[in-house]
Amino acid sequence: MEYSNPINTTQLKERLNEIENKNRILLWLISKIPKRQTPKIKPIYPKHKSIVPTSNPLPHQAFVDQLSKNMGSTSILDALNVRVEGSGDKYLVFAHGFGTDQSAWQRVLPYFTRNYKVILYDLVCAGSVNPDYFDYRRYTALDAYVDDLLNILDSLHVTRCAYVGHSISAMIGMLASIRRPELFSKLILIGASPRFLNDGENYHGGFEQGEIEHVFSAMEANYEAWVNGFAPLAVGADVPAAVREFSRTLFNMRPDITLFVSRTVFNSDLRGILGLVKVPCCIMQTARDMSVPAAVATYMKEHLGGKSTIQWLDTEGHLPHLSAPSYLAHQLEIALSQ
């Protein structure tokens with residue numbers, strides 16, 4: 001297989017149309033999972049408004065003070081399980097997406113420790129983090145996750161790095177680059193989407209509001225059944241080990257936190273900030289992704305404010321670092337060398 005060659009665009013569109021129809025049926029089936037009468041998970045929190053970029057963010061020290069209040073005597077490096085692996089001269093950040101934790105990168109990491117100091121950490125919503133650190137008032141928008149990322153980089157005295165972000169962390173990286181463009185040499189965005197909901201004929205995000213509400217209802221009614229249905233859909237590729245791994249990290253999350261973060265992500269709209277991203281970006285998009293249609297990658301390339309490219313991945317699913325880690329590592333090496 002020649003990794004550097006893009007797949008045929010006509011073939012890609014045909015395959016995506018086919019898989020999108022199948023996914024709508026599967027999402028409908030998930031929404032019909034019968035409600036478990038007892039026990040129900042913890043409270044449903046209010047829906048979040050679309051994310052509006054912070055034009056005048058609070059001083060960095062104010063966020064550090066808030067973090068200290070939430071985490072007590074625990075530093076953010078300890079609270080979010082920050083690790084630095086490797087012996088290279090340059091820094092590379094691997095940031096995981098929704099439903100996983102930093103272990104998602106375990107089969108990709110060895111390819112980069114020789115040439116980079118690789119920074120890994122867990123989002124505060126991950127199951128590997130003490131749930132007491134998750135502040136529902138603070139994490140109602142992605143800006144709070146951006147604060148965490150910047151605080152980590154400052155605590156490690158990082159002045160320049162390349163950044164690889166998957167899913168929600170792709171958007172976190174873009175927001176961070178708007179605030180501190182000098183910190184980032186390049187952003188590699190895997191399975192990124194500024195908006196998951198469709199917007200008439202102007203934007204195809206992949207989902208209608210009613211479909212998302214059905215999914216939320218399924219999560220609330222029977223979290224275990226939802227995970228068992230959602231994990232194979234998200235992985236996409238026929239890789240049972242990847243499905244098991246994604247299921248494990250989803251089950252590690254507290255269900256009320258999962259639902260809260262899901263509402264934050266799926267009801268957000270970051271299209272308005274794309275033009276403010278001036279750091280060079282490489283958008284990585286798989287051939288079949290139930291969460292992010294190929295049209296989203298094209299939309300982002302057309303609207304990002306700096307130099308951007310799309311790297312089409314000849315693999316399936318929303319989690320290529322779980323389903324095809326060696327292949328993804330090779331693609332990342334190509335993107336980082338350009």
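Residue indices begin at 1 and follow the sequence shown.
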Name all residues meeting the ring-ring contact (aromatic ring centres under 6.0 Å, His included) criterion together with F196; count only those two or more places apart in sequence or in a different chain, and write none if there are none. F266
Counting N and O atoms only, with roles assigned by atom type, does the side chain of K186 sit under 3.5 Å from a partner on the main chain of C161, one being a donor and the other an acceptor? no
Show the nearest heavy-atom pair for residues A170 and L189, with the distance to one decimal. O-CD2, 3.6 Å
Just so I know, are the side chains of F251 and E224 near enough to count as touching, which here means a heavy-atom distance under 4.5 Å? yes
Pairs in or reaching into residues 296-307: which pass salt bridge (charged side-chain N to carboxylate O under 4.0 Å, His left out), with residues at least two apart or in two chains? none
Going by the rule side chain to side chain donor-acceptor pair (under 3.5 Å), which residues pair with N252 if we only count those two or more places apart in sequence or in a different chain? none
Taking every non-hydrogen atom, the tightest pair across V292 and Q285: O-NE2, 2.8 Å
CG/L270 to CD1/I273 distance, rounded to the nearest 0.5 angstrom? 5.0 Å
Kindly indicate whether the side chain of D256, heavy atoms from C-beta on, has any atom under 4.5 Å from the side chain of F260. no
Set of residues satisfying ring-ring contact (aromatic ring centres under 6.0 Å, His included) with respect to Y121, sequence neighbours excluded: none
Partners meeting salt bridge (Lys or Arg N to Asp or Glu O under 4.0 Å) with E201 (sequence neighbours left out): none
Heavy-atom distance under 4.5 Å between the side chains of V227 and M219, does that happen here? no
Verdict with supporting geometry, H166 and L319, side-chain contact (heavy atoms from CB on, under 4.5 Å): CA-CA 8 Å; H166 173 247; L319 300 109; 4.1 Å; yes
Verify the distance criterion only: is there a donor paired with an acceptor across the side chains of D148 and Y139 at less than 3.5 Å? yes
Please tell me if the side chains of M300 and M174 come closer than 4.5 Å, counting only heavy atoms from C-beta onward. yes
For R179, is there an ion pair with D147 - N to carboxylate O distance below 4.0 angstrom? yes
Show every donor-acceptor pair shorter than 3.5 Å between a side-chain atom in residues 233-245 and any protein atom, with sequence neighbours excluded, or say none if there are none.
{"from": "E245", "atom 1": "OE1", "to": "R248", "atom 2": "NE", "distance (Å)": "3.2"}
{"from": "E245", "atom 1": "OE2", "to": "S103", "atom 2": "OG", "distance (Å)": "3.4"}
{"from": "E245", "atom 1": "OE2", "to": "R248", "atom 2": "NH2", "distance (Å)": "2.6"}

So among Y111, F246, Y327, W105, which one has a ring pair (Phe, Tyr, Trp, His ring centres under 6.0 Å) with H321? W105
Give, for atom CD of E333 and atom CG of N115, the distance between the pair rounded to the nearest 0.5 Å. 8.0 Å
Hydrogens and angles aside, do H318 and S167 bring a side-chain donor and acceptor to less than 3.5 Å of each other? yes
Once ring-ring contact (aromatic ring centres under 6.0 Å, His included) is applied, do any residues pair with Y203, and if so which ones, sequence neighbours excluded? Y299
Counterpart residues, salt bridge (Lys or Arg N to Asp or Glu O under 4.0 Å), relative to R107 (two or more places apart): none
What's the spacing between I76 CD1 and N81 CG if we round to 0.5 Å? 11.0 Å
Pairs meeting criterion salt bridge (charged side-chain N to carboxylate O under 4.0 Å, His left out) with involvement of residues 271-282, two or more places apart: D199-R271, D269-R271
First locate atom CZ of R263, then atom OG1 of T258, and finally report the distance between them rounded to the nearest 0.5 Å. 12.5 Å
Give me the atom names and distance for the closest heavy-atom approach of L77 to L156. CD1-CD2, 4.1 Å
Side chains of T249 and D101: donor-acceptor distance under 3.5 Å anywhere? no
Tightest non-hydrogen contact, residues C281 and L304, listed as CB-CD1, 3.9 Å
Shortest non-hydrogen contact from D122 toward A126: CB-CB, 4.1 Å
Please table the atom pairs, donor to acceptor, closer than 3.5 Å between any side-chain atom in residues 85-100 and protein atoms at least two apart or in another chain.
{"from": "E85", "atom 1": "OE2", "to": "R83", "atom 2": "NH1", "distance (Å)": "2.9"}
{"from": "H96", "atom 1": "ND1", "to": "T100", "atom 2": "O", "distance (Å)": "3.2"}
{"from": "H96", "atom 1": "ND1", "to": "T100", "atom 2": "OG1", "distance (Å)": "3.3"}
{"from": "H96", "atom 1": "NE2", "to": "L123", "atom 2": "N", "distance (Å)": "2.9"}
{"from": "T100", "atom 1": "OG1", "to": "G97", "atom 2": "O", "distance (Å)": "3.0"}

How far apart are the C-alpha atoms of I119 and L153, what are their side-chain angles, what is the distance that settles it, and do they pass the side-chain contact (heavy atoms from CB on, under 4.5 Å) test? CA-CA 9 Å; I119 300 170; L153 295 178; 4.0 Å; yes
Output the distance between atom CG (L120) and atom CD (Q106), rounded to the nearest 0.5 Å. 10.5 Å
Could you list the residues that satisfy side chain to side chain donor-acceptor pair (under 3.5 Å) with S155, not counting sequence neighbours? none
Side-chain contact, heavy-atom cut-off 4.5 Å: T264 with T140? no
Check R180 with D154, please: is the shortest side-chain N to carboxylate O separation under 4.0 Å? yes
I want to check something: taking the side chain as every heavy atom from C-beta on, are L250 and Y223 in contact at a cut-off of under 4.5 Å? yes
Under 3.5 Å donor-acceptor, R160 side chain and E182 backbone: yes
With sequence neighbours left out, the residues meeting side chain to side chain donor-acceptor pair (under 3.5 Å) with S177 are none
Show the nearest heavy-atom pair for residues P320 and L313, with the distance to one decimal. CG-CD1, 4.3 Å
Within the 4.5 Å heavy-atom criterion, are E316 and T286 side-chain neighbours or not? no
Decide yes or no on side-chain contact (heavy atoms from CB on, under 4.5 Å) for W312 and I283, but give the supporting numbers first. CA-CA 8 Å; W312 300 102; I283 303 159; over 6 Å; no
What distance separates L149 CG from I172 CD1, expressed to the nearest 0.5 Å? 7.5 Å
Do S169 and Y163 come close enough that some side-chain heavy atom pair is under 4.5 Å? yes
Without swapping roles, check the side chain of N198 against the backbone of G200 for a donor-acceptor pair under 3.5 Å. no
Which is it for R138 and Y133 under the side-chain contact (heavy atoms from CB on, under 4.5 Å) test, yes or no, and what are the steps along the way? CA-CA 10 Å; R138 182 167 180 261; Y133 298 154; over 6 Å; no
